[in-house]
Amino acid sequence: MQRCVIIGGGHAGAQACASLRKEGWTGQIMLITDEDSLPYHRPPLSKTYLQNQVSAEQLLIRPEAAYIKDDIDVWLNTRVDKIEPAIQSIQLQSGEHISFDKLLICTGSRARKADCLGADLGNIFYIKTLNDIESLSAALTCDDSKKSRRIVMVGGGYIGLETASVLKKMGHDITIIERESRLLARVTAQSISTFYHKLHKRNGIKIFTDTNVVAFQGKDTVSTVLCDDKVIPADIVIVGIGAQTNTELAHSAGLLVENGGIVVNELCQTTDVNIYAAGDCTIGIEHHSGLATRIESVPNALEQAKTAAATICGKHKPVTSVPWFWSDQFDCKIQIAGLNTGYDETLLRQADNQTLSLWYLKQGRVIAADCINSAKDFMAAKKIIAQKIHVPREILSNLDVDLFKELARLTQPS
């Protein structure tokens, strides 16, 4: 019987298990994860789970019964030490060797660690895994007499802002430190950064941009954060400075790894004919932009897992969906369609202070859109990008225009 081994128990790994069976794989499927839980939804970790609104069991992507029904052999708390492509085998940390006919790498990424002085002090946390959130929750509730904590969030990206908004709603005192000149500097334009800066300030969060962390200070646990020009008291520090892809296994196995990602083609094949990869750990040519890109999002992980499973089963189902991402902060939801890399112009559609969309154009064509509390614009943006529809600026900027009706008109045969 043929065996497909999946390394990694995140969204991609879980989806691959279901998709392999759906696509007709009748052989053995083995899912190996170094975590102590079945694959779970990660976006709710810093939101509903942190607020005790859902249980760990409710976070599961698929219940245990689903893996049993599909005859998936799940190995928890198991670390893979080596991939040996020449003999189609993996070696576990225990020394055991497992052979494979097909291998799917879904190792994802891990939180990037702070490298300043005092980074090993207690009460410094990261946001990535179920265990991370449980450790943070324990610190938040360890002293019932002190309900409000002084929390310093290092990093003004999406994960930092999302977590800050939740913790503020829970009653804590929040300070955000960002080394760049503005929030979300790496991923969005100035106007969106300004919107979120005002949103968090309006909700009582202190924000310091252009600020570098020099050291975390304290005896056993952190008590202050030393910056270039200030010292900020802290009961808890949360570090959200990005992610580092888990590509070491692939690199050691001789697979092509570039710019922090395992190189895959449109069918999620690596440079080895029997090895595939999906999720945050990959880099490939994005279908709509033509750019070699690492896309760190749940939707992309799911789509790549479906494609990889189909390819393993001898089918041709390349990833062609428009990349998208979302973030919830206070009462605002941002939905992002496309990749804004290389834009040369932006156009703002704004109905009011809480509803707007920023459109990124390149040579007059829409390549991406950031839509805040504007689901209709988000859906329109996905359609525009997917179908490469040329939408005149005067239509995009006119709030009285129904974009979907205009798109229907623009795509009618002449």
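Both backbone and side-chain heavy atoms feed into the values below; hydrogens, waters and symmetry mates do not.
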- Does the side chain of Q15 pick up a donor-acceptor pair with the side chain of S19 at under 3.5 Å? yes
- Query: Do W326 and I334 have side-chain heavy atoms sitting under 4.5 Å apart?
  - Reply: no
- Keeping the roles fixed (side chain from T141, backbone from S137), state whether a donor-acceptor pair exists under 3.5 Å. yes
- Query: Do Y360 and D344 meet the criterion of a side-chain donor-acceptor pair at a distance under 3.5 Å?
  - Reply: no
- Query: To the nearest 0.5 Å, how far apart are NZ in K315 and OG1 in T307?
  - Reply: 12.5 Å
- Which class fits the ring pair Y158 and F325: parallel under 30°, tilted 30 to 60°, perpendicular over 60°? tilted
- Residues S297 and N300: side-chain donor-acceptor under 3.5 angstrom: no
- Query: Using the benzene-type ring in the case of Trp, are the ring centres of H200 and F330 under 6.0 Å apart?
  - Reply: yes
- Query: Between R21 and D70, does at least one N-O distance fall below 4.0 Å, as a salt bridge requires?
  - Reply: no
- Hey, is E296 close enough to R112 for a salt bridge, meaning N to O under 4.0 Å? no
- Task: Would you check if the side chain of T245 reaches a backbone N or O of T247 as a donor-acceptor pair within less than 3.5 Å?
- Result: no
- Query: Are S89 and Q91 linked by a side-chain donor-acceptor pair shorter than 3.5 Å?
  - Reply: no
- Query: Do L45 and I127 touch side chain to side chain, with heavy atoms closer than 4.5 Å?
  - Reply: no
- Task: Decide side-chain contact (heavy atoms from CB on, under 4.5 Å) for Q2 and Q28; before the verdict, give the C-alpha distance in whole Å, the side-chain angles of both, and the deciding distance to 0.1 Å.
- Result: CA-CA 6 Å; Q2 286 196 314; Q28 184 181 6; over 6 Å; no
Please tabulate, for the side chains in residues 205-216, all donor-acceptor contacts under 3.5 angstrom to protein atoms that are two or more places apart in sequence or on a different chain.
from	atom 1	to	atom 2	distance (Å)
K206	NZ	D173	OD1	2.9
K206	NZ	D173	OD2	3.2
T211	OG1	T209	O	2.8
N212	ND2	D228	OD2	3.3

